[in-house]
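Heavy-atom basis, side chains included; hydrogens, waters and symmetry copies ignored. It should be emphasised that the depicted structure is a prediction, and the values quoted were computed from it without experimental measurement.
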Amino acid sequence: MEFIDLKAQYQAGREHINARIQAVLDHGQYIMGPEVAELEARLAALTGARHCITVSSGTEALLISLMALGIEPGDEVITTPFSFIATAEAIVLLGATPVFVDIDPATCNIDPALIEEKVTGRTRAIMPVSLYGQPADMEAINAIARRHGLSVIEDAAQSFGATYGGKHSCNLSAIGCTSFFPSKPLGCYGDGGAIFTSDAQLATAMREIRVHGQSQRYVHTRIGVGGRMDTLQCAIVLAKLDHFDWELKQRARAAASYDALLSGKIGLVARPRDRSSVLAQYTVVLDERERVRAALHEAGIPSAVHYPVPMHLQPAYARWSDPHSAPVAQAMAARVLSLPMGPYLDDASIGQVCATLLRAVGADAAACRPD
C-alpha cells in the first residue's frame with residue numbers, strides 16, 4: 001500500500017501527460033514557454049482571481065508575496081506554528097519576525113480568536129495556513145486584517161481546489177499561494193507553485209520579482225529572485241488539471257469511507273460545513289500515537305505525522321518564539337497521524353487501514369471487514 005499512490009495516478013493519465021511533455025521537448029522553450037501562460041490563465045479562471053503568477057515552488061510563492069508587500073527587517077507577520085517550516089522560513093529570510101498564534105484543536109488551523117492580541121504596531125501581515133486541505137476561518141481573519149490595516153496571505157500549499165463560503169482557496173484574501181509539490185492534490189513532477197491576487201500592482205511586482213526584479217530585459221527595477229516555474233512542470237500540471245475534478249471527487253469518496261468506519265470511535269480533524277477540503281491528508285487524533293503507528297507499520301500500512309515538532313519549538317526559530325506560547329499546537333503535534341489518502345485508494349484498502357487502526361486502539365473493528 002502507498003501513502004500517496006503517484007504511480008497509479010501517472011498510469012491513469014500517462015498518455016496525456018506524455019503528450020504534454022513531448023510538446024515541450026518539441027518546441028524547446030523550457031523557460032517561460034507557452035504552457036506557462038496557459039496554466040496561469042486556467043488556474044486564475046478556476047480560482048476566480050484576476051492574476052496567477054507561477055513560480056518555482058510553494059516556498060518561493062510565499063517569499064515573493066512577502067517581498068511584493070515590502071516586508072522588511074523589523075516587521076512582524078502573524079502565522080501558525082503548526083505547518084511545514086516554509087511558512088515561517090519565508091518570513092525570517094526577509095529579516096522579519098514570525099509571530100506564532102496557537103491553533104484551534106478541532107481543525108488544527110490558526111485560531112482567529114487569538115490573533116488580535118498579537119497585533120502590534122510592527123505587524124504588517126497575517127499568514128494563515130490552509131492545513132490538511134481545508135482553509136482556516138478566513139472571514140474572521142480578514143475582518144481582523146481590515147480593522148488593523150494588514151495584508152492577508154493565504155498559505156494554500158495544501159488546499160488548491162478547496163472552497164470557503166463559496167469562494168475558492170487562493171482567492172480568499174489579498175494574496176493566495178499554493179504548491180505543486182508532487183504529493184499535493186494537484187502536483188507536478190518536481191517543484192512548482194503559484195501566487196494568486198486580484199491586485200494589479202501586486203501582480204506586476206510579483207512577475208518582476210520572479211525574474212530577478214526585471215521590468216524588461218536587463219532593467220532591474222526591484223530586488224528579485226530566480227523564481228520561474230519550468231515549462232515542463234507547467235505542462236505536467238496542465239495534463240493533471242484535466243482530471244483534477246474527478247480526483248477531488250475520489251478523495252471525497254475515500255474520506256467518506258474513512259469517516260463511516262472511524263467516526264465516533266477515534267478522534268478526527270474536524271471539517272466545518274462552511275468550507276470544503278481537498279483532503280491533502282486524512283488525519284486522525286490519537287493517544288499513544290507511536291504505538292498505534294508501529295502497529296500500522298507492522299501490517300504494511302504507511303502513515304505520516306504532519307507535523308511532529310511545531311515551528312515555535314524548532315531550534316532554528318527559538319529566538320523568535322516562546323516555547324510555552326502554543327500549548328494546543330504542541331499537544332496536537334504529539335497526537336496527529338495521517339493515513340493513506342488519494343484518489344486511487346480503494347475501499348478495501350481503507351477497510352484494512354481502519355481495521356488495523358481500530359484494533360490498535362482497542363475499538364470494535366468488525367464494521368471494517370469486507371462482506
Problem - Residues V24, D230; criterion side chain to side chain contact (heavy atoms under 4.5 Å, CB included); working and verdict - result: CA-CA 10 Å; V24 177; D230 295 340; over 6 Å; no
Problem - Candidate pair V336 and Q281, rule side chain to side chain contact (heavy atoms under 4.5 Å, CB included), full reasoning - result: CA-CA 11 Å; V336 293; Q281 291 87 25; over 6 Å; no
Exercise for the section: Would you sort out whether V99 and T123 count as a side chain to side chain contact (heavy atoms under 4.5 Å, CB included), showing the intermediate values? Expected result: CA-CA 9 Å; V99 176; T123 307; 5.9 Å; no
Practice task
Dump the intermediate steps for side-chain hydrogen bond (donor to acceptor under 3.5 Å, both in side chains) on T59 and E89, then the final yes or no.
Solution key: CA-CA 8 Å; T59 307; E89 185 176 56; 4.7 Å; no
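Annotation for A316 and R319: closest pair O-NE, 4.5 Å, computed over non-hydrogen atoms. In plain terms, the two heavy atoms of V328 and P105 that are nearest each other are CG1-CB, 3.8 Å. When all heavy atoms of S65 and I195 are compared, the closest pair comes out as OG-CG2, 3.4 Å. The minimum heavy-atom distance between P112 and I110, with the atom names listed, is CD-O, 3.2 Å. The nearest pair of heavy atoms linking L296 to V353 is CD2-O, 4.1 Å. Of all the heavy atoms in D347 and S257, the pair that sits closest is OD1-OG, 2.9 Å.
With hydrogens and angles ignored, the 3.5 Å screen pairs no side-chain donor or acceptor of H168 with any backbone N or O of G48. Using modelled atom types, one side-chain atom of R275 and one backbone atom of P135 make a donor-acceptor pair closer than 3.5 Å. Looking at S263, its side chain never comes within 3.5 Å of a backbone N or O of A260 through a donor-acceptor pair. D111 contributes no side-chain N or O that, together with a main-chain N or O of D102, makes up a donor-acceptor pair within less than 3.5 Å. Remark: side-chain polar atoms of D104 are paired, donor with acceptor, to backbone N or O of A106 under 3.5 angstrom. R210 contributes no side-chain N or O that, together with a main-chain N or O of M229, makes up a donor-acceptor pair within less than 3.5 Å. At least one donor-acceptor pair under 3.5 Å links the side chain of S321 to the backbone N or O of Y317. Here the side chain of S198 pairs a donor or acceptor atom with the backbone of R50 at under 3.5 angstrom. At distances below 3.5 Å, not a single donor-acceptor pair connects side-chain atoms of R251 with backbone N or O atoms of M341.
A donor atom on one side chain and an acceptor atom on the other are found under 3.5 Å apart for E247 and Y344. The closest side-chain donor-acceptor pair between Q9 and D5, if any, does not fall under 3.5 angstrom. H27 and E35 are linked by a side-chain donor-acceptor pair at a separation below 3.5 angstrom, with hydrogens and angles left out of the test. Side-chain contact, T107 with Q134: no donor N or O sits under 3.5 Å from an acceptor N or O. E40 and T54 share a donor-acceptor pair across their side chains, judged by distance under 3.5 Å alone. No side-chain N or O of H312 forms a donor-acceptor pair with one of S325 less than 3.5 Å apart.
The hydrophobic cluster containing L345 does not contain L6, counting ILVMFWY residues as joined when their side-chain heavy atoms lie under 4.5 angstrom apart, directly or transitively. Tracing side-chain contacts under 4.5 Å through hydrophobic residues (I, L, V, M, F, W, Y), one reaches Y132 starting from I85; they form part of the same cluster. Under the 4.5 Å side-chain heavy-atom criterion for grouping Ile, Leu, Val, Met, Phe, Trp and Tyr, V309 is not connected to V92 through any hydrophobic cluster. Under the 4.5 Å side-chain heavy-atom criterion for grouping Ile, Leu, Val, Met, Phe, Trp and Tyr, I236 is not connected to L238 through any hydrophobic cluster. Under the 4.5 Å side-chain contact rule for hydrophobic residues, I71 and M206 share a cluster.
For the atom pair CE of M127 and OG of S83, the computed distance is 10.0 Å after rounding to the nearest 0.5 Å. Atom CD1 of I91 and atom OG1 of T97 lie 9.0 Å apart (nearest 0.5 Å). The CZ atom of R207 lies 6.0 Å from the NE2 atom of H51; values are rounded to the nearest 0.5 Å. Separating the OG atom in S159 from the CG atom in L172 is a distance of 8.0 Å, to the nearest 0.5 Å. Here the straight-line distance linking atom CD of E2 with atom OG of S349 works out to 11.0 Å at 0.5 Å rounding. I115 contributes atom CD1, which lies 4.5 Å from atom CD1 of I144 (distance to the nearest 0.5 angstrom).
L262 has its side chain within reach of L339: a pair of non-hydrogen atoms, C-beta onward, lies under 4.5 Å apart. At least one side-chain heavy atom of I31 sits less than 4.5 Å from a side-chain heavy atom of R228. Inter-residue side-chain proximity for Y164 and D137 is flagged as met; some heavy-atom pair is nearer than 4.5 Å. V269 places none of its side-chain heavy atoms less than 4.5 Å from the side chain of L131. Inter-residue side-chain proximity for E154 and F196 is flagged as unmet; no heavy-atom pair is nearer than 4.5 Å. Side chains of C52 and T47 form no contact here, defined as non-hydrogen atoms less than 4.5 Å apart. L25 is listed as a side-chain neighbour of Y30, based on a closest heavy-atom distance under 4.5 Å. Side-chain atoms of V152 and M138, non-hydrogen and from C-beta on, do get closer than 4.5 Å to each other.
Counting heavy-atom neighbours within 6.0 Å of H220 NE2, excluding the residue itself, gives a total above 12. For I223, the CD1 atom is loosely surrounded, since the number of other residues' heavy atoms within 6.0 Å does not exceed 12. Within a 6.0 Å radius of CD in Q201, no more than 12 heavy atoms belonging to other residues, nucleotides or ligands are found. Atom CD of Q11 sits in a crowded spot, with more than 12 heavy atoms from other residues, nucleotides or ligands closer than 6.0 Å.
With sequence neighbours excluded, no residue forms a ring pair (Phe, Tyr, Trp, His ring centres under 6.0 Å) with F82. Under the salt bridge (Lys or Arg N to Asp or Glu O under 4.0 Å) criterion, R146 pairs with no residue, sequence neighbours left out. Evaluation of the salt bridge (Lys or Arg N to Asp or Glu O under 4.0 Å) rule for E208 yields R222 as partners, not counting sequence neighbours. Remark: R335 pairs with D287 by the salt bridge (Lys or Arg N to Asp or Glu O under 4.0 Å) rule, at least two apart or across chains. Considering only residues two or more places apart in sequence or on other chains, D259 meets the salt bridge (Lys or Arg N to Asp or Glu O under 4.0 Å) condition with R271.
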Distance-only donor-acceptor hits, side chain of residues 174-191, under 3.5 Å, sequence neighbours excluded:
from, atom 1, to, atom 2, distance (Å)
T178, OG1, A156, O, 2.8
S179, OG, F181, N, 3.1

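In this pair, Y307 and F84 present their aromatic rings tilted. The plane angle is within the 30 to 60° band.
For E298 and R359, the salt-bridge test fails: no basic side-chain N is under 4.0 Å from an acidic carboxylate O.
Checking T87, T80, T79 one by one against D155, the side chain to side chain donor-acceptor pair (under 3.5 Å) holds for a single residue, T87.
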